[in-house]
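Worksheet: the structure to be examined is printed underneath.
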Amino acid sequence: MDILAELNPPQREAVETINGPVLILAGPGSGKTRVITHRIAYLIKVCGVSPRRIMAVTFTNKAAREMEERLHRLVSGSVNDLTIGTFHAICARILRRDGKAIGVDPRFVIYDDEDQISLIKRSLQGVGLDPKQYAPRAIQSAITAAKSRLLTPADYLQRSRSYFDEVVQRVYERYQQLLTESTALDFDDLLMKAVHLFRQNPQLLSRYQSRYLHLQVDEFQDTNLVQYELMKQLAGKFRNICAVGDPDQSIYSWRFADLRNILNFEKDYPEAKVILLEQNYRSTRLILETAGHIISANQQRKPKELWTDNEPGVPTTVVETYTEQEEAQFVVNEVEQLVSQGEFKLGDCAIMYRTNAQSRVLEEAFIRYGVPYKLVAGTRFYERREIKDIIAYLRLIQNPYDSVSLLRIINVPQRGIGQRTLSELSQWAGSTGLSEYKALQLLAEQKESEATEHRPPFSPRSVRALTGFVDMMEGFIGRSQKLNLVDLFDLVVKSSGYKEYILAGVDGEERWENVLELRTVVREYRDLKPLDGLTVFLEGVTLVSDVDGLDESVSGVTLITLHQAKGLEFPVVFIVGMEDGILPHIRSFDDPGQMEEERRLCYVGVTRAKQRVYLVRAFRRSLMGSSTINGPSRFLQDIPPHLISGGGLWQGEDSQLATAMYSWNKPLPARVATPELKDGDHVRHAQFGDGVVVSCRPVGDDAEVVVVFDGAGIKKLLLSFANLEKV
DNA sequence: CGAAAGGCTCTTTTT
DNA sequence: GAGCCTTTCG
C-alpha cells in the first residue's frame, strides 16, 4: 500500500490507528503534516470512508488549502466533500446553516478585532463609563477570556470578584446586546455559539455526530477550552478523534489556548493511544541540538528527546550589531552572500522577529539594497482604512443592522453628517427602540408622509443628509439582488463618491491602488450567485490570516513574526532582536509562565530552519521613539559554545560604531575586553552570584568558562555573554 | 460641520 | 513614531 510506504514505524502507527481516540505528540519537523494527510488518505482510500464524513481542523486557511492539495494528489480523486478549515471558518459555516435554532440570523456579519474595540468603546459609553479610564483592550481581553470559558454575561455576574470584574460584566452585557442588535458575531462568538447550539439542540448535535465519523485536529496545543469542547461534542458518538500537537510549541496562551487540553484528552479518552513522533527530518543535527538546549531550560515541561539522521551541518551564527539599522544591514548582506555563493535562493531565507514593529527597519534595508522580500502582514492589507471602508459598505448591504459598519462609513466620504447629528441619531434610535438603520429608514419615509408621531430631532439640513444616505444604501441593497460582486463593488465605489474622496486625500494614488487590489480579490467571487457571493466574500476577508497570503511561488526573502512562522520551514532562518526585552519580551519578565512561553517562541523559530540559523541582536535600538540598550537574550546563554560559531561584533559599511567608540571615552562593553580567567579565580555573576572558576578554554575568539557557583551550582558560560566580574 | 494642529498613549504575539 | 483623540478655528 503506497500510502504507508514512506512512513517510519510511529508515523505508520499514527496513520493506521483509525479506531478510537489518538493523541499524536509530534516534535518539530517530525512529519506531522505528512502523517495527517496520509491518515486522511488512508481513511478514504483504504478504509473506504467517504470524505464527507471526515472533519479536519487546521490552524490557518493556508494549511487547509495545502492539505487539500496534497490529499488530492494522494487520493487521486475528489475530496471536495471533506470538511476542512479553521475552527472559526467551520463554526461560521455551521452557524449560517443551523444557527437559527438559537436565534442566530444567517445573515450575520463577523466582527474582527478592530470592530470589537469600537463596539466595546460604545458599550462603555452605553453603561456610563469612560473609555479612557477603562482600557478597551483590557476589557476586550477579559471578554474573550470569558467566552473562551463559555461564560455568558449572566455567568460572569456570578463569578464577579473584583471591581474590574464588575465593570467587565456590565460592559460585556451591553456589548452582547449591541452585537445582537447589529446581527453580528465576534470571533469568539463563532466558537461559543456553536457549542451553545449543540448543547441546546441534542438532536442537531446527534446529526452532526453521526455525520462525522472521523475528526482531526492540528496544532492541538494551541486550542482553547471552547474548541476542545466543540471537538468533544462532535466526537461524542464515534470517539474517532485524532489530535496532533506539541506542548513545546504552545505559543498562544495569551489567546487563552490551554495546554490542559492535552492533559484532559487522556482523561476524557482513557482508551486513547498516544503516539510520539521524535525523529526530525527537517533540520541539521546541530540545529536540532541548539533548539534542544534552548527548550530544555523550561521547568514546566515533560522532557523529550528528538533525534535526526541528518548531517551535522554548521553551527549557529551569533552576531551583535550596533543598532537595529545595522542589524538589518547585516541580514541583507548575509542573505546576498548566501545567494551569490549559489547554495541558497532568496526564497530559502526567512527573517523572524518578536514584534511587528521590528519589520520596518528590515523592510527599509531590503528596499535600500534592492533585495526582493515578502512581508507577511505589515499594515495588514485588510486592516487598511480604505479597505475596511469599502468592506463596511459591502457588509452594510448584506446586513444593514451592522452598526459598526454604519457608523464607520455614514460620513465617509463627508456627507455633512457630523458628530452631533450622529449622537442625536443614536439617542433617537435608542428612545424609539429601533436600530440606527431602522430609524434612518423611518426618517426617510417620514420625509414623504410628514408623519409626526416621533418627531426626529434633526435640523432640515441633517435630515437631507441622512435621507440622502439611506436612499443611496437602499439603492445598493436593491441592486445587490441582481448584480454580480464585481459590478456591485464598482457601483459602490463609484456612487458613494469614495473614489474621488480617496484620490483627493493624502497618499491618494497608493490607497486607490489598494482599492483596486481589493477589486482583484472580489473578481474571484464574480461567478457566484449575487447574494451568496457577497456572503462568502465577506466571510473570507474576515477570517483570513496573514500567512494565508504567503506565496511560495513568488521569489523573495520572507519577513515574518515568530508566531506566524509556526508550522512553516525555511532552509535559512535569521532571528533578529535576540535581546532581553525583545525576545524574551519585557512583558514576560515578571511571570515565569510567560517567560517559558517566550522560550518556546524562540524554540519555534530555531526549529523552522533546515540548514542555517543566525541569531542576531543589536546593542542599542530605538523603541517607541527613544533609544534603549538591551542585553543579549538570556536564551543565548543556554546554547553551549560548541554549537555557536564566532560572528561576534559586526560593523556595517557606514557603521556608527566607530564614531560612537570615539566619542564615548570608554569602549563599548565589547568582548574584546573580557578578563583573562584561570582555574581557581573567584568571580561574580549578575544572576548566579559568587563562584569559582574550574576551567576555561578558548573557543574561537571567545572562551568557555565553567564555574561552580555558591548558590546556583555548576554552570558552563560563554565568557563574552556571562559578564563575569573578577573578585 | 470639517480641516488642521497639537497632545496623548502605547505596541507582544492573532483567528 | 504613529495612530487616535481632542481642541480650535474658519
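For clarity, every value in this text was computed on a predicted model and none was experimentally measured. Chain A is the first sequence line, chain B the second, and so forth, proteins listed ahead of strands; every chain is numbered from 1.
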Do other residues, nucleotides or ligands put more than 12 heavy atoms under 6.0 Å from [X] [atom1]?
| X | atom1 | result |
| --- | --- | --- |
| A:Arg260 | CZ | no |
| A:Ile586 | CD1 | no |
| A:Gln427 | CD | no |
| A:Arg385 | CZ | no |

* Do A:Arg395 and A:Asp115 meet the salt-bridge criterion of a basic N to acidic O distance under 4.0 Å? ->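 Result for this pair is yes, salt bridge flagged.
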
Take the protein atom [atom1] of [X] and the nucleotide atom [atom2] of [N], then report the distance between them rounded to whole Å.
| X | N | atom1 | atom2 | result |
| --- | --- | --- | --- | --- |
| A:Phe187 | B:dT14 | CZ | C1' | 8 Å |
| A:Asp188 | B:dT14 | CG | C1' | 11 Å |
| A:Ile560 | B:dT14 | CD1 | C1' | 13 Å |
| A:Gln227 | B:dT14 | CD | P | 16 Å |
| A:Ile582 | B:dT13 | CD1 | P | 11 Å |
| A:His585 | B:dT13 | NE2 | P | 7 Å |
| A:Met624 | B:dT9 | CE | P | 12 Å |
| A:Leu185 | B:dT15 | CG | P | 19 Å |

* **Pairs flagged by salt bridge (charged side-chain N to carboxylate O under 4.0 Å, His left out) wherever residues 187-196 of chain A is involved - sequence neighbours left out** =>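 Listed by first then second residue: A:Lys147-A:Asp189.
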
[X] vs [N]: side-chain N/O to OP1/OP2 distance below 4.0 Å:
| X | N | answer |
| --- | --- | --- |
| A:Gln564 | B:dT14 | yes |
| A:Gln414 | B:dA3 | yes |
| A:Asn411 | B:dG2 | yes |
| A:Thr561 | B:dT14 | yes |
| A:Asn356 | B:dT13 | yes |

* Asked: What does nucleotides 2-10 of chain C look like as a protein-contact string, B for base, S for sugar-phosphate only, - for none, at under 4.0 angstrom between heavy atoms?
  -> S--S-----

* Asked: Of the nucleotides B:dC1, B:dT13, B:dT11, which has the atom closest to the A:Arg137 side chain?
  -> B:dT11

* Asked: From the list B:dT13, B:dG2, B:dC1, which nucleotide is the closest neighbour of the side chain of A:Thr421?
  -> B:dC1

* Would A:Trp254 count as stacked on B:dT13 if the rule is ring centres under 5.5 Å and plane angle under 30°? -> yes

* Determine the contact category for A:Phe87: base if any of its heavy atoms lies under 4.0 Å from a base atom, sugar-phosphate if only primed atoms, P, OP1 or OP2 are that close, otherwise nothing. =>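 A:Phe87: no heavy atom of the nucleic acid under 4.0 Å.
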
* Measure from the ring center of A:Tyr172 to the ring center of A:Tyr175 and say whether it is less than 6.0 Å. =>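 No - the distance between ring centres of A:Tyr172 and A:Tyr175 does not fall below the 6.0 Å cut-off.
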
* To do: Output yes when a side-chain donor or acceptor of A:Glu596 lies under 3.5 Å from a complementary backbone atom of A:Gly593, and no otherwise.
  =>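 No, because the side chain of A:Glu596 does not come within donor-acceptor range (under 3.5 Å) of the backbone of A:Gly593.
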
* Between the main-chain N or O of A:Ile560 and the side-chain N or O of A:Tyr353, is there a donor-acceptor pair closer than 3.5 Å? ->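 Judged by distance alone, yes, a pair lies under 3.5 Å.
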
* Runs of at least three consecutive pairs that involve DNA chain B, where pairs are Watson-Crick or G-U with distances under 3.5 Å ->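 Looking at DNA chain B, the stems formed by three or more consecutive pairs are B:1-10 with C:1-10.
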
Short N/O separations, protein against nucleotides 4-7 of chain B, under 3.5 angstrom:
none

* Could you pick out which residue, A:Ala135 or A:His563, lies toward the 5' side of DNA chain B when each is mapped onto its nearest nucleotide? => A:Ala135

* Any side-chain donor paired with an acceptor under 3.5 Å for A:Tyr228 and A:Asn264? ->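 No donor-acceptor contact under 3.5 Å links the two side chains.
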
* Structure fact -> Across all chains, not counting sequence neighbours, the side-chain hydrogen bond (donor to acceptor under 3.5 Å, both in side chains) partners of A:Tyr212 are A:Thr83

* ring-ring contact (aromatic ring centres under 6.0 Å, His included) partners for A:His585, two or more places apart ->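 ring-ring contact (aromatic ring centres under 6.0 Å, His included) list for A:His585, sorted by chain: empty.
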
